[in-house]
Amino acid sequence: MNARIFFFTLVAGLFLLGVFQTVQRHLAFDIPWMPGETRSVWNIDAKIEFEATGKPVLASLSTPNSQAGYTQISQNAASPGYGLSFLYEDNKPQAQWTIRQATGPQTLYYNIQLLVDSDSVDQPITKMPELFDTEYGAAGLAAGTDIIKDAFKTSADAFSFTREILKQLNTEQPNQSIRLVLASKSSKTNILIGLLNEAKIPTKKVGALALEDGRRRQHLQPLVEVFQEKNGKIESRLFDASSLQEVDRKDLLLWDQSGKALLELTGGVNSKVSFSMIQQDQPALAAILQKNDNEHLFNFSIHSLPIEDQSLFKGILMIPLGVLIVVMMRVLIGLKTSGTFMPVLIAMAFIQTSLITGIVGFVMLVAVGLFIRSYLSHLNLLLVSRISTVIIMVILLIALFGVLSYKLGLTEGLKITFFPMIILSWTIERMSVLWEEEGAKEVFKQGGGSLIVAVFAYFVMSNDVTRHLMFNFIGLQFVVMALVLLLGSYTGYRLLELRRFKPLVDKE
């Protein structure tokens, strides 16, 4: 009784371990359940143009930081003759081009690919931006003070204060203070930042890019990020100086969060930066692998292996499924096969050759091999010599069929070379011995059973869904193992054995 409890505990443990690992891998790495799923990827180009003055050039472009909704999967730049570095200083990523001397019109390109990723979140804010003093004239300072006083009366925190300031700046009938402030040469965005800083509210200027498929020569939209501390946690919200509401971040990429200039340039004049973008749908697994490769999350998975080794494992990991089919057909159905797991190896050969070509080639090779083996049995040779001779004859037969197929223009026949010679030789030897001991009927029964099981295993092992699942979710190997162990404890009737009870049914 204790042994049975231990056995079923082991089976349940393996099954639950496999299911847990599979679900965890899907949730943690976002590996899709089904092949063919796609993910949206934004491919964005930044084009930098300026006039070089013949001096050393240093151009630093602010690049996107990690943010909610998007994960960077790659970045590169086209800069012939320039040195290029990707820097990350003070939590501000940037691409920097350098050259000792340049003259005339210059064009630099920066490209970034961003995966639309619902799991990506904004980096936590660790400190407030520094406040700075706005230089006003006497009249401007007085006007700004009046605006701040009016907004302070009708607000409760930094965000509501900002909305009150925006109401005044965007009113259709501005008062004298608003007209005086707006009359300055500063943009409305800079005016808003100046007023908020004057009110001791930390702010930062942000350059946002509206994402729209196929747009060209776009420019960043200036926004104001307002900060406040609440319950020991720093919060921030985005505002547009020309609007009364908070900014909806949907389809909006915060490109420049440096709080400084988008492009810092020395050795050049008349600079401008424009953006072009396109939205692409990539296979989900390819996009996710790019994402996770950057994050080093796949270092302990098959995906971290070289492509050649991955291709090898793609076939090997399907063998347990073939084994499960063999166990089911033998234990539950009662089919006899030539060898316990010979059908799995035959099915793997069918995957290489295609099903029809594989069946025809297998039957022809085994039939001719049995004829040759029947002759060798009269020579009273040792087993090793017989097997070795059969292997040589199988190789010659495969070569003969390959050449004959090529001469006849039957290119499918060339695939017969994928059959494993050793397996064919042992199959021929085993069937020959079986013929002598049990007769032709048993040979056809086991040979036919092997082919039937191999065909079933072929359909399961060559299915795109099962190949995707078994390769990407290693935990399913434990599930298959648990099912095989469970089938191994079956002691009931096989389906084909029920024929023995047919006379009893006929009597009734």
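What you see is a predicted model, and the numbers here were worked out from it, not measured in a lab. Residues take their numbers from the sequence shown, with the count starting at 1.
In this structure a side-chain-to-backbone donor-acceptor pair under 3.5 Å is missing from Thr22 to Phe473. At distances below 3.5 Å, at least one donor-acceptor pair connects side-chain atoms of Ser160 with backbone N or O atoms of Asp157. Between the side chain of Glu198 and the backbone N or O of Ile148, no donor-acceptor pair lies under 3.5 Å. Judged by distance alone, the side chain of Thr63 and the main-chain N or O of Ala95 form no donor-acceptor pair under 3.5 Å. The backbone N or O of Met277 sits nowhere less than 3.5 Å from a side-chain atom of Arg216 that would complete a donor-acceptor pair.
Minimum heavy-atom separation, Arg237 to Glu246: NH1-OE2, 2.9 Å. Residue Gln72 comes nearest to Ile112 through the heavy atom pair OE1-CD1, 3.6 Å, listed as atom of the first residue, atom of the second, then distance. Heavy atoms only, all atoms of each residue included: Thr103 and Gly54 are closest at OG1-CA, 3.5 Å. Residues Leu252 and Gln221 share a closest heavy-atom pair of CD1-OE1, 4.2 Å. Taking each heavy atom of Leu169 and Lys188 in turn, the nearest pair found is O-NZ, 3.8 Å. In plain terms, the two heavy atoms of Ala77 and Leu84 that are nearest each other are CB-CD2, 3.5 Å.
Looking at heavy atoms from C-beta onward, Leu317 lies out of side-chain contact with Leu476 at the 4.5 angstrom threshold. In this structure, Gln67 and Leu253 have side chains that are in contact, with non-hydrogen atoms separated by less than 4.5 Å. Between Val273 and Phe275, the closest side-chain pair of non-hydrogen atoms falls below 4.5 Å. Annotation: side chain of Tyr70 is in contact with side chain of Leu211 (closest heavy-atom distance under 4.5 Å). The closest side-chain heavy-atom distance from Asp251 to Glu212 is not below 4.5 Å. Looking only at side-chain heavy atoms (C-beta outward), Leu238 and Leu254 come within less than 4.5 Å of each other. Residues Val226 and Gln228 fail the side-chain proximity criterion, which asks for heavy atoms closer than 4.5 Å. Counting heavy atoms from C-beta outward, Glu51 and Pro105 have side chains that approach closer than 4.5 Å.
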Trace of the side-chain contact (heavy atoms from CB on, under 4.5 Å) decision for Val57 with Gln106: CA-CA 10 Å; Val57 173; Gln106 304 290 309; 6.0 Å; no
Take Met470 and Gln477, measure what side-chain contact (heavy atoms from CB on, under 4.5 Å) needs, and give me the verdict at the end. CA-CA 7 Å; Met470 296 301 290; Gln477 304 290 332; 3.2 Å; yes
side-chain contact (heavy atoms from CB on, under 4.5 Å) evaluation trace for Asn190 with Lys205: CA-CA 8 Å; Asn190 290 334; Lys205 189 174 182 179; 3.6 Å; yes
Using the side-chain contact (heavy atoms from CB on, under 4.5 Å) rule, take His219 and Ser274 through it: C-alpha gap first, then chi angles, then the decisive distance, then the call. CA-CA 5 Å; His219 299 281; Ser274 60; 4.1 Å; yes
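Leu166 contributes atom CG, which lies 7.0 Å from atom CZ of Phe239 (distance to the nearest 0.5 angstrom). Rounding to the nearest 0.5 angstrom, the gap separating the OG atom in Ser60 from the NZ atom in Lys92 is 13.0 Å. Here CG of Asp248 is found 12.0 Å from CG of Asp240. Values are rounded to the nearest 0.5 Å. Remark: Trp97 CH2 to Tyr109 OH distance equals 11.5 Å, nearest 0.5 Å. To the nearest 0.5 Å, atoms CG (Leu265) and CG (Leu61) are separated by 11.0 Å. Taken from OG in Ser62 to CD in Glu264, the straight-line distance is 6.5 Å, to the nearest 0.5 Å.
More than 12 heavy atoms of other residues, nucleotides or ligands lie within 6.0 Å of CZ in Phe159, so this atom counts as buried by the packing criterion. Within a 6.0 Å sphere centred on OH of Tyr82, heavy atoms belonging to other residues, nucleotides or ligands number more than 12. A 6.0 Å sphere centred on CZ of Phe50 holds more than 12 heavy atoms belonging to other residues, nucleotides or ligands. Phe86 CZ: more than 12 foreign heavy atoms inside a 6.0 Å radius.
Legend: residues meeting side-chain hydrogen bond (donor to acceptor under 3.5 Å, both in side chains) with Asn111, ordered by chain and number and at least two apart, are Asn43, Asp45.
If you check the side chains of Ser155 and Glu164, you find no donor sitting under 3.5 Å from an acceptor. Using a 3.5 Å distance cut-off with no hydrogens or angles, the side chains of Asn197 and Thr203 do pair a donor with an acceptor.
Note on Glu49 versus Lys47: salt bridge recorded, some NZ/NE/NH1/NH2 to OD/OE distance being below 4.0 Å.
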